[in-house]
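Note sheet for the following structure.
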Amino acid sequence: MDRPVAATSADQRIALLDVIRGVALCGILAVNIFVMGTVGSTQGRSFPAQLNADWTAWVLQRVFLEGPMRGLFMVLFGAGMVLMLRKSEGEHPQVAPVDVWIRRSIALLALGVIQFAVLMWPGEILWTLGMAAFPLLAFRTARPRTLWISALIIIACLSGHRACSTSGYIETYQAALAGELARAEGRALTPQQNAGIEAAAGAVASNYPAPQALAAEVEQRTSLATLLGWSAAGWSFRHLEIYSWIGVAESFAFMLVGMALYRSGVLTGMASTRLYLWLMFVGGGLGLGLRLVDMWWQARTGFELDIHQLNPAMSLLRSAWYQPARLGLTLAYVSLLALVWRGGWRAWTPPFRAMGRLALTVYTLQSILTSILFYALGYLGKFGAAELLMTALSISIVTALFSMIWLKFHEMGPMEWLLRACAYGTFRPARKRFAAESLARSPPA
C-alpha cells in the first residue's frame with residue numbers, strides 16, 4: 001500500500017537550492033523587464049550605438065543574464081522532480097508521487113493561462129514548465145550519464161535548428177545584395193530579390209521606428225480593451241504555435257541537466273571542489289568567451305544591420321553556439337554559488353533564500369508590479385535600458401522584503417499554497433501556527 005504523500009516541509013528544504021532559485025528569479029526579471037517595459041524592438045536603446053549607460057546595461061544583460069538565468073530555473077525544476085518523485089523509485093516504488101507530479105504540471109498550465117489573461121504577461125514561463133514536465137517522467141529513474149547524453153543530444157539539435165533558421169535569413173539578405181547590384185546595373189529584379197530588399201529595409205527600420213508606430217503600440221498596451229488582445233496574441237505565438245516546441249525542448253534539456261546535477265551532488269553542495277572549479281572555469285570560460293566574441297562581432301557594425309558586411313559563416317556560428325554558451329554559463333553560476341555557500345559566505349543569502357522559497361509567489365508578484373508600473377501608471381516605453389535594470393533591481397528588493405516578512409508568519413506563499421492544494425489535494429494551512437497544528441493532527445507517513 002502506498003504511504004500518504006506530503007509536500008516538503010520548510011525544515012526539510014535544501015537551502016542551497018532555494019538560494020539559487022532566488023538568484024535566478026532576480027536574473028529572469030532583469031531579462032524580462034526589457035520586453036515588459038519597452039515598445040518596438042530596440043529594448044531601451046537608441047541608435048546608432050553609443051558608449052553610454054543604456055548600451056552598457058543592455059550588453060551586460062545580454063552577456064551575463066539572458067539565457068543562463070532561465071537555465072538556472074530549469075535546472076532547479078529538474079532537481080525538484082527528483083526530490084518529489086524519490087518515493088517512486090527503489091524496490092517498492094509508489095505511484096502516488098507520479099500522480100502528484102501530473103496534477104502539479106496541469107496546475108502550472110492553468111497558472112500560465114492566468115499569467116497572460118489576468119496579469120498581461122504573454123512571456124510567462126509556467127506553461128512551458130508544465131508542458132516540459134510531462135516527458136520528464138520518462139527519465140525519473142535515469143542515471144546521470146543517461147541524463148547528460150540525452151540533454152546534450154537535444155541541445156545539439158536545438159543548435160542545428162537555430163543555425164538552419166539563420167541560414168534562411170542569410171539567403172534573404174544575400175538576395176537583397178544581389179537585388180541592389182541588379183538595380184544599379186539596370187536589370188530586372190527577381191521576386192526573391194525584391195522580397196530580400198523589403199526584408200532588409202524592414203530590419204533596418206526596426207532600429208529606427210517611426211514615432212507614430214511607437215505611439216500606437218503604447219496605446220494598444222495601456223488600454224484595457226486592446227491590452228488583452230495584445231497579450232493573447234503574444235502568448236499564443238510563444239506557447240501554441242510551432243515556435244513554442246522549441247522552448248519546450250530547450251526547457252526539457254536543461255531540466256535533464258538539473259536532474260543529473262542533483263544526482264551527482266552538484267546542486268546540494270556535496271560534489272568535489274575540483275568538479276566545481278572545473279565546471280566554473282571551463283563552463284564559464286566557454287560561455288563567456290563565446291558571448292564576448294558574439295558581442296564583438298555585433299559591435300563591428302555598431303549593433304545595426306548592415307547587409308554589406310554580412311558574413312554567412314560567422315552568422316551560422318553565432319547561432320549554433322548560443323545554446324552551448326548558455327549551458328556553460330549556467331553550469332558556471334551553479335558552481336560559483338555552491339562554492340560560495342559551502343565556503344560559509346552566507347551573510348548575503350537570506351533575501352535570496354526567502355525568494356526561492358516563495359518562487360511562484362514572487363514570479364507572480366513581479367508580473368503584478370510590472371503590469372501596474374508599465375500599463376496602469378503609463379510608464380511603458382519611458383525608460384532606457386539602464387533605467388529598466390534599476391527598475392528590476394528595485395522590484396527585486398521589494399519582493400525580497402515581502403518574502404522575508406511573509407515567511408515570519410507563514411510556511412509558504414499564497415501561490416505555493418494553491419499549487420500544493422492542486423497537486424496534493426489537501427488544504428494545509430499556510431500560517432505557521434495553524435500549519436503546525438495541522439501537521440500534528442495528520443497521521444504519520
For this session: Look at the side chain of Tyr333 and the backbone N and O of Met280, then say whether any donor-acceptor pair between them is shorter than 3.5 Å.
Result: no
Seminar exercise, completed: Looking only at heavy atoms, the pair that brings Met84 and Tyr424 closest together is CE-OH, 3.8 Å
Exercise. Hey, do the aromatic rings of Phe383 and Tyr379 have their centres closer than 6.0 Å?
Worked result: yes
Exercise. On the ring face of Trp148, is Arg145 found with NZ or CZ under 6.0 Å from the centre and within 45° of the axis?
Worked result: no
Problem set entry | Nearest heavy atoms of Leu228 and Ala117, plus distance in Å | CD1-O, 3.7 Å
Problem set entry | Main-chain N/O of Ala233 paired to Ser236 side chain as donor or acceptor, under 3.5 Å | no
Seminar exercise, completed: salt bridge (Lys or Arg N to Asp or Glu O under 4.0 Å) pairs touching residues 38-51, sequence neighbours excluded, are none
For this session: Please report the C-alpha distance between Gln309 and Arg300 in whole Å, then the side-chain angles of each, then the deciding distance to 0.1 Å, and finally whether the side-chain contact (heavy atoms from CB on, under 4.5 Å) criterion is met.
Result: CA-CA 9 Å; Gln309 298 193 36; Arg300 293 179 71 250; 4.0 Å; yes
Exercise. Just wondering, do Thr349 and Leu16 contact through their side chains at under 4.5 Å, heavy atoms?
Worked result: no
For this session: May I ask you to check whether Phe303 and Trp55 place their ring centres under 6.0 Å from each other?
Result: yes
Problem set entry | Ion pair check, Glu250 and Arg326, cut-off under 4.0 Å | yes
Exercise. Is the NZ or CZ atom of Arg162 both under 6.0 Å from the centre of the six-membered ring of Tyr322 and within 45° of that ring's axis?
Worked result: yes
Exercise. Which pair of heavy atoms, one from Gly284 and one from Leu329, lies closest together, and at what distance?
Worked result: O-CD2, 4.2 Å
For this session: Kindly compute the distance separating CD (Gln193) from OG1 (Thr190), expressed to the nearest 0.5 Å.
Result: 3.5 Å
Problem set entry | For Asp294, all residues meeting salt bridge (charged side-chain N to carboxylate O under 4.0 Å, His left out), sequence neighbours excluded | Arg318
For this session: Using distance alone, with no hydrogens and no angle criterion, decide if Gln174 and Tyr169 have a side-chain donor and acceptor under 3.5 Å apart.
Result: no
Problem set entry | Exceeds 12 heavy-atom contacts within 6.0 angstrom, atom CH2 of Trp348 | yes
For this session: Please report the shortest heavy-atom distance between Met404 and Pro350, naming the atom on each side.
Result: CE-CB, 4.3 Å
For this session: Give a yes or no on whether the backbone of Ala354 and the side-chain of Trp406 come within a donor-acceptor separation of less than 3.5 Å.
Result: no
For this session: Say whether, by atom type as modelled, one donor and one acceptor occur between the side chain of His239 and the main chain of Ile125 under 3.5 angstrom.
Result: no
For this session: Flag the pair Phe139 / Phe252 as yes when their ring centroid distance falls below 6.0 Å, and as no otherwise.
Result: yes
Exercise. Is there a donor-acceptor contact under 3.5 Å from the side chain of Glu416 to the main chain of Thr361?
Worked result: yes
Exercise. Side chains of Phe64 and Val59: does their closest heavy-atom pair fall under 4.5 Å?
Worked result: no
Exercise. Checking Asp54 side chain against Ala385 main chain: does a donor-acceptor pair fall under 3.5 Å?
Worked result: yes
For this session: For residues Leu126 and Leu360, determine if any side-chain heavy atom of one lies less than 4.5 Å from a side-chain heavy atom of the other.
Result: yes
Exercise. If we only count heavy atoms from C-beta on, is the Pro324 to Ser159 side-chain gap below 4.5 Å?
Worked result: yes
Exercise. Would Val362 and Met415 satisfy side-chain contact (heavy atoms from CB on, under 4.5 Å), going step by step from the backbone distance to the final call?
Worked result: CA-CA 9 Å; Val362 169; Met415 297 303 295; over 6 Å; no
Seminar exercise, completed: Shortest non-hydrogen pair, Ala30 vs Ala392, comes out as CA-CB, 3.9 Å
Exercise. Do Thr399 side-chain atoms and Ser396 backbone N/O form a donor-acceptor pair below 3.5 Å?
Worked result: yes
Problem set entry | Test log, rule side-chain contact (heavy atoms from CB on, under 4.5 Å), inputs Tyr262 and Val75 | CA-CA 9 Å; Tyr262 180 83; Val75 161; over 6 Å; no
Exercise. So, Ser367 versus Gln115: side-chain donor-acceptor pair below 3.5 Å or not?
Worked result: yes
Exercise. Atom CD1 in Ile246, atom NE2 in His161: separation rounded to 0.5 Å?
Worked result: 4.0 Å
For this session: Give, for atom CE of Met390 and atom CG of Leu388, the distance between the pair rounded to the nearest 0.5 Å.
Result: 11.5 Å
Exercise. Any side-chain heavy atom of Arg21 within less than 4.5 Å of one from Leu72?
Worked result: no
For this session: Please report the closest heavy-atom contact between Glu387 and Gly384, naming both atoms and the distance.
Result: OE1-N, 2.8 Å
Exercise. Within the distance-only criterion (no hydrogens, no angle test), does the side chain of Ser206 pair as donor or acceptor with the backbone N or O of Ala203 below 3.5 angstrom?
Worked result: yes
Exercise. Would you call Val100 and Leu85 a side-chain contact if the rule is heavy atoms closer than 4.5 Å?
Worked result: no
Problem set entry | Distance, nearest 0.5 Å, that separates OG1 of Thr330 from CG of Leu279 | 11.5 Å
Problem set entry | Within the 6.0 Å centroid threshold, strictly below: Phe77 and Trp101 | yes
For this session: Report yes if some heavy atom in the side chain of Ile33 is under 4.5 Å from a heavy atom in the side chain of Thr38; otherwise report no.
Result: no
Exercise. For Ile242, does the CD1 atom have more than 12 heavy-atom neighbours from other residues, nucleotides or ligands under 6.0 Å away?
Worked result: no
Problem set entry | Sequence-distant partners of Arg342, side chain to side chain donor-acceptor pair (under 3.5 Å), two or more places apart | Thr273
Problem set entry | Backbone N/O of Val19 and side chain of Arg353: donor-acceptor pair under 3.5 Å | no
Exercise. If you measure from CD on Gln298 to CZ on Arg62, what distance do you get to the nearest 0.5 Å?
Worked result: 7.5 Å
Exercise. Is atom CE of Met314 surrounded by more than 12 heavy atoms (other residues, nucleotides or ligands) closer than 6.0 Å?
Worked result: yes
For this session: Hey, could you give me the CD1/CD distance between Ile28 and Glu66, rounded to the nearest 0.5 Å?
Result: 11.0 Å
For this session: Determine the interplanar angle of the Trp235 and Trp127 rings, folded into 0 to 90°, and report it as parallel if under 30°, tilted if 30 to 60°, perpendicular if over 60°.
Result: perpendicular
Problem set entry | Salt-bridge criterion met for Glu217 and Arg221 (N-O under 4.0 Å) | yes
Problem set entry | Thr370 side chain vs Gln366 backbone, donor-acceptor pair below 3.5 Å | yes
Problem set entry | Side-chain heavy atoms of Tyr276 within contact of Leu336, under 4.5 Å | no
